[in-house]
Amino acid sequence: MPHRESCRISTVAPIGFGTAELVPDPSRSSGWVLLIDGVAQSYVDLDDPSHLEFPYVRQIALAVEAFFGATGGAPVTDRPGACGATAEHGAPLRVLHLGGGGLTLPRYLAAARPGVRQVVVEHDELLLDLVLELLPLPDGHEVRIELGNAAQAVLAAPDATFDLVISDAYEGVQMSLDVATAQFAAELARILRPHGLCVVNVADDPPLAFSRVQAATLR
């Protein structure tokens, strides 16, 4: 059901790692921006989860589509340059999201890839409660949400569990340092299935020193 404009008001609330604000987008009748300490973190269109407003989110979606194909499950093996897959072709992807935010990408993947099985690990309980109350997930989703620490969740995961891991774990506007180590990168590789994909969101400013460190760490 479309969300009526009359119900759309900004909400400000304290969360575990700062202050969150949900602001309606005046240009889209069902669009919302999540800000933390004044910095835009997520954009959600409740009526159109395929709308990805932020460029970095679109880049993640493009990486997933390039690797796994535009639709379906396991990596497409009959395309030039495509990665092989050990999972049965077309099987639903198993996805781990480290960091929830506004749950933009879980919504997108649920709409774009019906049957995808997703786990979201979010450590800020107050933020999670706010998002689920004001920006609820659609009916019929297969998204399991766990409250906890991203690094600990990865350590506890069995080997070769996920086809796709999206690491977007932040404490407020800062990337959590416990997900920025070589040891953590090795754990990510361990829980990925053969030929799986890991995507890491890194926030940085020129001269991009932290991004270089992260690239070297993952390499």
Side-chain angles (χ1 to χ4, degrees), residues 15 20 22 25 28 30-36 39-75 92-124 127-151 153-154 157 161-173 175-176 179 188 191-193 196-203 214 218:
I15 57 173
L22 281 171
D25 180 357
R28 294 183 69 89
S30 54
W32 292 85
V33 181
L34 169 65
L35 302 98
I36 297 179
V39 179
Q41 298 290 311
S42 301
Y43 185 100
V44 174
D45 189 317
L46 289 172
D47 291 341
D48 183 9
S50 67
H51 177 74
L52 304 177
E53 181 75 13
F54 292 168
Y56 89 91
V57 179
R58 293 198 297 271
Q59 290 297 320
I60 293 174
L62 287 171
V64 172
E65 291 180 4
F67 193 84
F68 294 107
T71 59
L93 292 179
R94 289 182 56 87
V95 184
L96 174 63
H97 301 264
L98 301 176
L103 303 174
T104 303
L105 283 166
R107 299 170 200 269
Y108 166 77
L109 289 173
R113 298 172 176 272
V116 64
R117 300 171 65 185
Q118 304 185 76
V119 178
V120 178
V121 179
E122 171 57 56
H123 66 158
D124 194 322
L127 172 61
L128 183 59
D129 289 345
L130 179 70
V131 169
L132 290 177
E133 178 184 0
L134 300 181
L135 306 178
L137 288 167
D139 294 337
H141 67 81
E142 293 191 49
V143 181
R144 187 173 85 246
I145 299 177
E146 299 179 356
L147 185 65
N149 175 272
V154 169
T161 303
F162 297 100
D163 301 293
L164 170 64
V165 176
I166 299 175
S167 182
D168 195 9
Y170 279 74
E171 296 177 354
V173 297
M175 186 177 185
S176 180
V179 302
L188 291 178
I191 68 171
L192 279 174
R193 289 174 171 171
L197 174 67
C198 178
V199 182
V200 180
N201 176 34
V202 180
Q214 277 299 288
L218 293 172

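Here the structure is a predicted model, which is why all the values come from computation and not from measurement.
- Atom CZ of Arg193 is separated from atom OG1 of Thr161 by 7.5 Å, given to the nearest 0.5 angstrom.
- What you find for Val44 and Gly102 is that their closest heavy atoms are CG2-O, 3.3 Å.
- For the pair Leu109 and Val64, the tightest heavy-atom approach, listed with the atom from each and the gap, is CD2-CG1, 4.4 Å.
- In plain terms, the two heavy atoms of Leu105 and Gln118 that are nearest each other are O-OE1, 4.2 Å.
- Looking at every heavy atom in both residues, Val121 comes nearest to Gly148 through CG1-O, 3.5 Å.
- Ser42 OG to Leu135 CG: the interatomic distance, rounded to the nearest 0.5 Å, is 9.0 Å.
- The shortest distance between side-chain heavy atoms of Leu98 and Val179 does not fall below 4.5 Å.
- In this structure, Ile145 and Leu103 have side chains that are in contact, with non-hydrogen atoms separated by less than 4.5 Å.
- When side chains are defined from C-beta on, Val119 counts as touching Phe162, because their heavy atoms get closer than 4.5 Å.
- When side chains are defined from C-beta on, Leu128 does not count as touching Val120, because their heavy atoms never get closer than 4.5 Å.
- Summarising the geometry of Phe54 relative to Ala40, their closest heavy-atom pair is CZ-CB, 3.9 Å, with the distance given to 0.1 Å.
- Asp168 is listed as a side-chain neighbour of Tyr56, based on a closest heavy-atom distance under 4.5 Å.
- Side-chain contact between Arg107 and Leu137 is present, with heavy atoms from C-beta onward closer than 4.5 Å.
- Using a 4.5 Å cut-off on side-chain heavy atoms (C-beta onward), Val57 and Tyr43 make no contact.
- Nearest heavy atom pair, residue Val131 against residue Gly101, reads CG2-O, 3.4 Å.
- Contact check for Val95 versus Arg113: no side-chain heavy atoms found under the 4.5 Å cut-off.
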